[in-house]
Each structure stands twice: as C-alpha cells, then as structure tokens.
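Heads up: the structure comes next, in structure tokens.
These figures come from a predicted structure and were not determined experimentally. Lettering of chains follows the sequences in order, A, B, ..., and the numbering in each one begins at 1. Scope of the values below: all heavy atoms of this structure, side chains included, with no hydrogens, waters or symmetry mates.
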Amino acid sequence: MLDMKLLRDHPDFVRERLATRHGDEGAKLTEVLTLDERRRAVLAETEQLKARRNSASKEIGALMGQKKLEEAEARKAEVRTLGDRITEVDRLAAEAEEARDALLLTLPNLPHASVALGKDAADNPEIRVHGTRPHFTFNPLNHIELCEKLKLVDFARGTKLSGSGFLLYTGWGARLERALIQFLLDLHTEEHGYTEVAPPYIVGEHCMIGVGQFPKFRDQAYAVQEGLDGSTLGKLYLIPTAEAPVANIHREEILAEKQLPVRYVAYSPCFRAEAGAAGLGTRGMIRIHQFDKVELIKIVHPDRSYDELESMVVHAETVLQRLGLQYRVINLCTGDMGFAAAKTYDIEVWAPGQGTYLEVSSCSNCEDYQSRRMNMRYKRESDGHNLLPHILNGSGTALARLFVALVETHQQEDGSIRIPEALQPYLRTDRISA
RNA sequence: GGAGGGAUGGCUGAGUGGUUUAAGGCACACGCCUGGAAAGCGUGAGUAGCUAAACACUACCGGGGGUUCGAAUCCCCCUCCCUCCUCCA
C-alpha cells in the first residue's frame, strides 16, 4: 500500500511513477484523492460534534451530582439530537474511508528511481552473465525425454491424479527433488545467515492482502473449503509462495530496531491456478500448478534495504554456481515489475533442452509497501518512533525449473545425469542412470 | 463438535455507567541525592488522526454492532487463547 501522505502531498509525482508501470493505474489516483478529501472534511465535522457532546455530557454528570435533575433532563434532550447527527456523519466518514482504502489496495508500488523505464520483458537490462553453456558432442535430450527415460517424473500419472500441471516425481526424481530442497536450506542457513522456518501452506486472506497478492490476483489462488461447510470457502487459501506466510510472521508487531535485519528461509510447495496463462496444457515442468520453492525473506532497516537486495541476489546466484549451471541476472524494467516490488532482479538459468533461459529466482525490494499493509513496524531507538521496515523477498530458488536446467545441463552421452559435487552428499550418488 | 473461563498500555495488573485526560507495580527517560553506583525521592513518558509546528480537539481497553446525554464497564454477534469432554495423526 502506498503512503496516503505521499499521495496527498505529491500527487503528480505518484501519478508519473505509476504511469511507468504496465497497465497504468493513474486514473484511480484521482478517485483516491477525492475520497480522501471527502473523508477528511467529514471527519473534521464529526470531531467537532463529538467534542461538543463530550463536554455537554460532563456537564450533565455534574448537574446530576448536584441533584439538578430537571436541568440535566433538558440538556439530555439537547444532546440527543447531537448524537443523531454524529451517527450520520460518522457513517459518511466510514464509507469514504472504506472506499478509499479498498481502492488504495489496488494501486501497485512505485518503481525505485534506479529502475530502467520500459514496456515489457524485452526492455529488461541484463546485469551480468555467469558461467559457460554446456557443449554437447551428441544430440542432447530435453527434460521431458530425460525424465521419461530415467523414470524421474511420471507425467501421465501426475495428470491422471490431479489434471494437467501436476507432477508425480518417482524414484530418483523424487529423491533429487528432496536433495535439492535440503541442499538449498542448508546453504542459506549455514552460509548465508538465514533462520529456517517451516510455515503453514494455507493462509488467511489477510496474509494474502499483506503481501499484495490480494485483491488483485485473487483469480490466481486456490481457495480452500472445510469439509461440506461452504461458508468457509474464501477464508483460507493455498499459498502461491512461502512469501505469503513468512513475510507476515511479524505482522501487527513492533520490532526492536536492534532485531533488524530479520532473515528467514523457508521451503514450501507453491500452488498457482495460472488461470489464463500460456504454456499450461503442454507437457513438461516449466509452468505447473504446484511446485517446490525455497524462499528468502528479509525484514530490514529502510537505510539498508538496497544493500540487502544486492546480497540476496548473490545468495540466490550461489545456488546456481554450486550446481554448475549457466545463468544471467536481469533487472526488471518498470513495465515488467510485479505488483508490490519497487525493484526486482530476476535470475534466469540456461536450459539447453529448451534453448532458452528459465526464470528460477526473482528477488524484490518491496520497501514499506507490504509492511504498511501488514502494520508491521520497528521502534527507532533514538526517539522511540514506530517506523515501517522494508521487506524483501527472493526465491532461493524455485525447484521445478532448477530440476529442468540441472538434468538438461548435466546429461551425458549414455543418457545418465552427472550429479554436481555440492549435491552428492545429499543424494549419495554421483550419477543417475537408467 | 460440546461445556466453562479469559483477552485492558512495552510487560504486569486494578477497574460493573459520570474528574479514568485507564489506578498501582515493573521496565524506560531526565533530575535530585552520591566520590561513583544502587536504593530512595521528584518529574516525564502510550498509539494514531488533525497541524508547517505547538496547543487544542478526536479516536483507540481483542474486532464489529447496539442501549445511553455519556460505555473499558450493560446487551448482541464474531475472532483468538486457556481448561475439561469428544474425536484424531
């Protein structure tokens, strides 16, 4: 959520920044400002009325104490009409505030000044490229062929169980997935200083609103119903990312300044409806309804958040380096950025069987956009003021596509997969073969 | 799912209709005292809205609604926590 004060004081600046994003929301800004003005006007009136009522009520109390009952009754009648006005004016204020806030929740974050202006993915500047692409002396297979030959994933039965977009990992495939998860968690806890948490995979609506997932992307979520009780539907949702529960851990709390930075790492499955998305319906593991991910979350001091973003990207890159994968880091331009982000780096891993890069990580600084929605604050030591921390999230990394890049990159001429050294202790083999 | 008990400031804990602008205590800040500290004494201090700022004012006792001139206090609904029963991995 954007700062209402900023909208009031610098509407043109906000309008201009919003216009750089995909799907300009600037028109809503005017409406928010109108509603805000109405609210403030009505609020001023109701506060005056309440002040009058409060002092009158005190006088009535005093009159009753002096046993001047008749006078008291007369004043009561007077104040009663005041009360009716207050009820009415209060209602107007509440309505204006509700409408304003509902609209405010639909405005995306403002891009940071350092973010390149652009329209879509084609305008994303490339920051750096790492590693060399594998060179094959034979005809390399794609991950679908490899998974079927080595029986790593049973695509047909995954679809039989849950429909297209769901995977059944089998044998060494299931073990590889599990090994990757543990490798990632150990890396980030032991080498990068994150605290591991294991969150719920179902969260309340307030958590989805907190991270900016709702109200805009309601159609992308799986809603849960408890048993036959239809009234529970729409209260709880399967998480689209561990960001939803983990970023909300300290919602409605006031953290001590010296607690910052807070760094969490969490494994979770991620559930995405992908309504209207291209590429579902074809086989494979690139875009699916359920995938595993290890997520990084940081809650940091506002002065430090852009340094923390840089180190977070490095943490995610380390994953790909250890696994011997070629990748590049790009910076999302204003038109391609996600809803809550002020600045985002994407990491894309090279998948030889696809002949393209696949996005396996997205690291964003959301600044105070989420903490304001969550009412998460920290107490500044110097003066005791409660301020909004900055919240960052990053994949470290998403698994299914990492799996694809891994098997496609490390495939051998005999059809086996060479396991990178970093992973061998977890999988307890250096090779997967038929 | 059933029965009962709870939710008050950073923490603890009083408060069943009117100087409660929420007592007292702990912790906190400043001052006095001291060679210095502790103890003691004194003073201050919640969050937010409004304001250029300050004063004033308004709101906030889990959330929402109601009764009343006036609600932390009375009534209704909801959420969460605790105890017991039931069920269960």
- Message: For the P atoms, the ones on B:G42 and on B:G25, what distance do you get once it is rounded to whole angstrom?
- Response: 10 Å
- Query: Under 6.0 Å between the ring centres of A:Tyr237 and A:Phe214?
  - Reply: yes
- Item | Nearest listed nucleotide, side chain of A:Asn54, among B:A59, B:A48, B:C69 | B:A59
- For A:Arg75 and for A:Glu47, find the nucleotide of RNA chain B with the closest heavy atom, then tell me which residue's nucleotide is more 5'. A:Glu47
- Item | Euclidean distance for P, B:U16 against B:A23 (whole angstrom) | 15 Å
- Message: Using the side-chain heavy atoms of A:Arg8, tell me which of these nucleotides is nearest: B:C50, B:U47, B:U58.
- Response: B:C50
- Identify, between A:Ala51 and A:Leu43, the residue whose nearest nucleotide on RNA chain B lies closer to the 5' end. A:Leu43
- Task: Please report the shortest heavy-atom distance between A:Ile181 and A:Tyr267, naming the atom on each side.
- Result: CD1-CE1, 3.4 Å
- For A:Lys235, which contact category applies under a 4.0 Å heavy-atom criterion: base, sugar-phosphate, or nothing? nothing
- Message: Between B:C33 and B:G17, how many Å separate the two P atoms, rounded to a whole number?
- Response: 47 Å
- Item | Separation of atom CG in A:Leu49 from atom P in B:C50, rounded to whole Å | 19 Å
- For B:A23, which nucleotide in any strand shown is its Watson-Crick or wobble partner with both distances under 3.5 Å? none
- B:A39 pairs with, by Watson-Crick or G-U criteria that keep both distances under 3.5 Å: none
- Please name the pair of heavy atoms, one in A:Leu49 and one in A:Ile86, separated by the smallest distance, quoted to 0.1 Å. CB-CG1, 3.6 Å
- Taking atom C1' of B:U19 as reference, at what distance in whole Å does atom NZ of A:Lys58 sit? 7 Å
- Query: A:Glu78 has an atom CD; how far is it from atom P of B:U68, in whole Å?
  - Reply: 18 Å
- Query: If you measure from the C1' atom in B:U8 to the same atom in B:A72, how many Å do you get, rounded?
  - Reply: 7 Å
- Task: State the pairing partner of B:G17; accept Watson-Crick or G-U wobble contacts with both distances under 3.5 Å, and report none otherwise.
- Result: none
- Message: Strictly by Watson-Crick or wobble contacts shorter than 3.5 Å, is anything paired with B:U79, and which nucleotide is it?
- Response: B:A7
- Query: Which whole number of Å gives the distance between the C1' atom of B:G2 and that of B:C50?
  - Reply: 50 Å
- Which value, in whole Å, describes the distance between the C1' atoms of nucleotides B:A38 and B:U51? 44 Å
- Say you pick atom P in B:C78 and the same atom in B:G1; how far apart are they, in whole Å? 12 Å
- Query: Going by distance alone, is a donor N or O of one side chain under 3.5 Å from an acceptor N or O of the other, for A:Tyr306 and A:His390?
  - Reply: no
- Note on the structure: In whole angstroms, the gap separating C1' of B:C80 from CD of A:Glu253 amounts to 15 Å
- In whole Å, what separates the C1' atom of B:G70 from that of B:A59? 16 Å
- Distance in angstrom units between A:Ile86 CD1 and B:U68 C1', rounded: 13 Å
- Task: Searching all strands shown, indicate the nucleotide that pairs with B:C28 (Watson-Crick or G-U wobble; both distances under 3.5 Å).
- Result: B:G44
- Mind calculating the distance between CD (A:Glu45) and C1' (B:C50) to the nearest angstrom? 15 Å
- Phosphate OP1/OP2 of B:C50: any A:Arg40 side-chain N/O under 4.0 Å: yes
- Ignoring backbone atoms, establish whether A:Lys5 has a side-chain N or O less than 4.0 Å from OP1 or OP2 of B:G49. yes
- Item | Length of the line joining A:Arg372:CZ and B:U47:C1', which is rounded to integer Å | 17 Å
- Note on the structure: Ranking B:C57, B:G70, B:G18 by distance to the side chain of A:Ile60, first place goes to B:G18
- Touch check for A:Arg80, heavy atoms < 4.0 angstrom, all strands: base, sugar-phosphate only, or nothing? sugar-phosphate
- Task: State, yes or no, whether a side-chain contact exists between A:Glu317 and A:Tyr345 at a heavy-atom distance under 4.5 Å.
- Result: no
- Query: Rounding to a whole Å, what distance do you find between A:Asn375:CG and B:G49:P?
  - Reply: 11 Å
- Message: Looking at every heavy atom in both A:Glu367 and A:His112, which two are closest together, and how far apart are they?
- Response: OE2-CD2, 3.5 Å
- Note on the structure: Against the side chain of A:Arg377, the closest entry in B:U47, B:U58, B:C69 is B:U47
- So which nucleotide does B:G70 pair with, by the Watson-Crick or G-U wobble rule with both distances under 3.5 Å? none
- Message: Do A:Leu107 and A:Leu7 make a side-chain contact, defined as non-hydrogen atoms from C-beta onward lying under 4.5 Å apart?
- Response: yes
